[in-house]
Every structure is written in C-alpha cells, then in structure tokens.
Amino acid sequence: MIPVQFDYLAPTSVEEALAALGEHGDDAKIMAGGQSLLPVLRMRLNAPEVVIDLGGISSLRGIRDDGDALVIGAMTTHHDVRDDSLVKEHALLLSKAAAEVADSQIRHRGTFGGALAHADPAGDLGAPALALGAQFVIAGPGGTRTVEAADFFVDLFETAIGDDEILVEVRIPKHTGWGAHYEKFVRVAHQWPIVAIAATVKGSIDEARVGLTNMGSTPLRATATEQALAGASATEDGVREAAQLAAEGTNPPSDLNGAADYRQHLARVLTGRAVLKAAGA
Ligand SMILES: Cc1cc2nc3c(=O)[nH]c(=O)nc-3n(C[C@H](O)[C@H](O)[C@H](O)COP(=O)(O)OP(=O)(O)OC[C@H]3O[C@@H](n4cnc5c(N)ncnc54)[C@H](O)[C@@H]3O)c2cc1C
C-alpha cells in the first residue's frame, strides 16, 4: 500500500527537530532509519501529517568514550554498533546482539536509538541494553533528562519518551573484558526472535547479567539466574541449574510461533547456552 500523504521535514539540529515536534504535536512522527516506521505507514497503521527525519542531524551519530561509559548517538546504525572497536572492547554484548538484527541492508539503515524507541518486545537490542544498565538521554522542550533502562521500557511499543521528546543518546556503562553472547532462536533466518537471551559475564563467573527478549511486553532481566550464577563456577551442570530459574517472573505471549510455556522452556535452555558461551566454557 502507499502511505497517506504527509509533509516531510529534515531538521539539521536537535533544537530544530524539537521545535517542529512542538509545532505539530500529535500530527507529527519522528523518523530515524525508517525500517519500522515506513512499514507501519505503508500499512496505514499510522497516518502522521508530518514526518520529521532525523537523518540530517550529524550530532546524533557516532560512538564516543566518556570515561566509565560509552555514549552511542541515537542515529548510529546497527552496522556501526556491531563493528565499532570501542563497543567490542567495553560492551561486547551489544556488538554480538547488533550482529543478529535482521539482515545487512536493514543493519545499514536501522538505528540503535530507533530500535530502542520503537520498543518492540521482540527487538534484539532492548534486552542487551537492559542487561548492561543503559541510561537513555532524552531531549525535550525543557532540556535533557536521563532515564535508567529499568524505567525506559514501559509496555509493548511504549517507552518513557514523551510525545514532545527525542531520544538523543544512550550511555552504556563499560563492561570491559566481560565475555558475552546473544543466543537468538528463530524459525527462519533474518527475523525477529521467538525468544532470545543476552548474557554477559565477568570472569568465570564473578558476576552475570542476563536479559530476556520476547518474554513479556518489555525486555526483562533474569534476576534469579543472575543471583544463582554470582560466584558459581562455569561448569555445564552449574550453569544449566541456574538457567532453570530464567523464566521466573516472565509473562511471554502465546502466538503462532509458540505458546507461552514453550517460550519459558526455550528461555531456560537458551539461557544455559548463552551463559556457557559468554563464559567461554
Ligand atoms: C524485514 C525486517 C526485519 C527486521 N528484523 C529485525 C530483527 O531481527 N531484530 C530487530 O531487533 N529488529 C528487526 N527489524 C527492525 C529494525 O531493527 C529497525 O531498524 C528498528 O526497529 C527501528 O529502527 P529505525 O532506525 O529504522 O527506526 P524508525 O523505523 O525510523 O522508527 C521507529 C519508531 O521509533 C521512533 N523513533 C525513532 N528514533 C527516535 C528517536 N531518536 N527519538 C524518539 N523516537 C524515535 C519513530 O517515531 C518510530 O515510531 C526488522 C525490520 C525489518 C523491516
């Protein structure tokens, strides 16, 4: 289908984009890489009168070292997150997860901030961001504010970003030297996961962080597994026992790809695999 007609704005600064959002309110929609927005417009699930394209705002692209954190601009593509040497050194989990997003074409257009703002519970970047304790820097008419990952994902396709606000960058606390693995379970290649597990571990194993994709309306942490793994040795039996706790407190959907109890089974099995691979065992 062809989208309904809209006006197209291409601001060159965040201030200009915020002013356009303020002027057009509910009639406007932000566009980043367009990889989720354009299909939605083509299916006429949304019909904004104005599309505000962030593609011309160069300050929103790139990855920089900021002491104890990496700062990833919202318009940085999945491809650049995957290949960046700082990300590989200090937040390997993100590089591994970005490599699993869709296919090469989409990874070159789709953006880190766009995917997180879209908040698809099956999206591959929410769980790693949550597991790494990301902080979301959001700009609005009154200035910028920072939201912790635990408060950013509100519900299905809903985040803490207000209608008059823009996600500008994401701060990722450094996890230098931590092992990492993103275990994604799909029916066909290059698709959203039925379930996926984002695991990163320090040593073998001093500390573990485990994020769950598509196990509820938002990304989740497998906190019971994380507690069971802290100080445990990375043996196959020990890790698989801790992984049995991975589905605790989850509320996954039932759909054509799998029933909720099947997803919970997958979460337990995949968590074992992901943690063992992250620990290099
Ligand atoms: C065929 C196909 C397969 C895919 N497979 C996967 C997959 O396997 N895993 C996966 O994770 N994703 C997948 N995706 C989605 C892809 O990752 C998109 O890149 C991502 O979901 C959206 O990023 P975007 O930059 O394209 O955002 P857009 O599509 O431009 O925007 C998405 C939404 O976020 C809002 N938004 C964007 N940026 C901002 C911002 N800075 N501030 C405030 N709001 C903002 C927009 O208004 C819109 O509502 C797939 C997409 C396609 C088309």
Side-chain angles (χ1 to χ4, degrees), residues 3 6 8-11 13-14 17-18 20-21 24-43 45-48 50-57 59-61 72-82 94 96-130 136-140 144-145 147 152-154 156-170 182 184-196 198 211 213-214 219 257:
F6 53 80
Y8 172 80
L9 301 180
S13 69
V14 172
L18 285 172
L21 257 188
H24 299 285
D26 285 350
D27 297 331
K29 200 81 185 132
I30 291 287
M31 182 169 79
Q35 299 304 294
S36 295
L37 182 66
L38 291 180
V40 164
L41 299 190
R42 287 177 69 95
M43 287 186 279
L45 296 172
N46 201 321
V50 178
V51 168
I52 303 169
D53 183 356
L54 302 184
I57 308 179
S59 64
L60 292 179
R61 280 185 207 279
I72 303 181
M75 289 295 291
T76 309
T77 63
H78 304 315
H79 169 82
D80 287 350
V81 171
R82 184 192 73 169
L94 276 187
K96 297 247 174 155
E100 296 296 326
V101 172
D103 55 35
S104 182
Q105 282 168 307
I106 290 165
R107 288 196 295 271
H108 276 84
R109 296 292 311 178
T111 67
F112 189 61
L116 293 167
H118 189 53
D120 183 339
D124 285 304
L125 299 175
L130 181 67
F136 295 78
V137 182
I138 298 170
T144 59
R145 64 192 178 101
V147 177
F152 180 77
F153 299 102
V154 175
L156 207 69
F157 300 105
E158 190 185 339
T159 69
I161 306 171
D163 289 344
D164 55 355
E165 293 181 314
I166 293 172
L167 176 65
V168 288
E169 59 192 27
V170 184
Y182 189 68
K184 177 167 170 172
F185 191 84
V186 284
R187 210 158 42 83
V188 289
H190 302 150
Q191 268 298 349
W192 287 267
I194 297 172
V195 171
T213 303
N214 218 6
N257 284 316

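When a residue number appears, it is its place in the shown sequence, counting from 1. Just so you know, ligand 1 is whichever comes first in the structure, and atom 1 is the first atom listed for that ligand.
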Nearest non-hydrogen atom to [atom] belongs to which of [options]?
{"atom": "atom 23 (O) of ligand 1", "options": "Gly113, Ala115, Pro193", "answer": "Ala115"}
{"atom": "atom 44 (N) of ligand 1", "options": "Gly123, Ala117, Ala119", "answer": "Ala117"}
{"atom": "atom 28 (P) of ligand 1", "options": "Gly114, Gly34, Ala17", "answer": "Gly34"}

Could you tell me whether some N/O pair between [X] and ligand 1 is separated by less than 3.5 angstrom?
{"X": "Lys184", "result": "yes"}
{"X": "Leu125", "result": "no"}
{"X": "Ala32", "result": "yes"}
{"X": "Ile161", "result": "no"}
{"X": "Arg109", "result": "no"}
{"X": "Ile30", "result": "yes"}

What verdict does the side chain to side chain contact (heavy atoms under 4.5 Å, CB included) test give for Val170 and Leu116, after you've listed the backbone C-alpha separation in whole Å, the side-chain angles of each residue and the deciding distance to 0.1 Å? CA-CA 10 Å; Val170 184; Leu116 293 167; 4.2 Å; yes

Do Val186 and Trp192 have side chains that get closer than 4.5 Å, going by heavy atoms? no

Could you check whether any heavy atom of His78 sits closer than 4.0 Å to an atom of ligand 1, since that is the contact criterion I want to use? yes

Counting only heavy atoms closer than 4.0 Å, does ligand 1 sit against the backbone of [X], its side chain, both, or neither?
{"X": "Val168", "answer": "neither"}
{"X": "Asp103", "answer": "neither"}
{"X": "Lys29", "answer": "side chain"}

Just jot down the ligand 1 atoms closer than 4.0 angstrom to any heavy atom of [X], in number order.
{"X": "Gly33", "answer": "24 (P), 25 (O), 26 (O), 27 (O), 30 (O)"}
{"X": "Asp124", "answer": "7 (C), 8 (O), 9 (N), 10 (C), 11 (O)"}
{"X": "Ser36", "answer": "15 (C), 18 (C), 20 (C), 21 (O), 22 (C), 26 (O), 29 (O)"}
{"X": "Gln191", "answer": "8 (O)"}
{"X": "Ile166", "answer": "41 (N), 42 (N)"}
{"X": "Met31", "answer": "30 (O)"}

How are the rings of Phe153 and Phe136 set to each other: parallel, tilted or perpendicular (split at 30° and 60°)? perpendicular

Please round to the nearest 0.5 Å and tell me the distance separating atom CG of Leu167 and atom CE of Met75. 11.0 Å

If I take atom CG from residue Leu54 and atom CE from residue Met31, how far apart are they, to the nearest 0.5 angstrom? 8.5 Å

On a heavy-atom basis, the closest approach of Glu100 and Asp124 is O-OD2, 3.6 Å

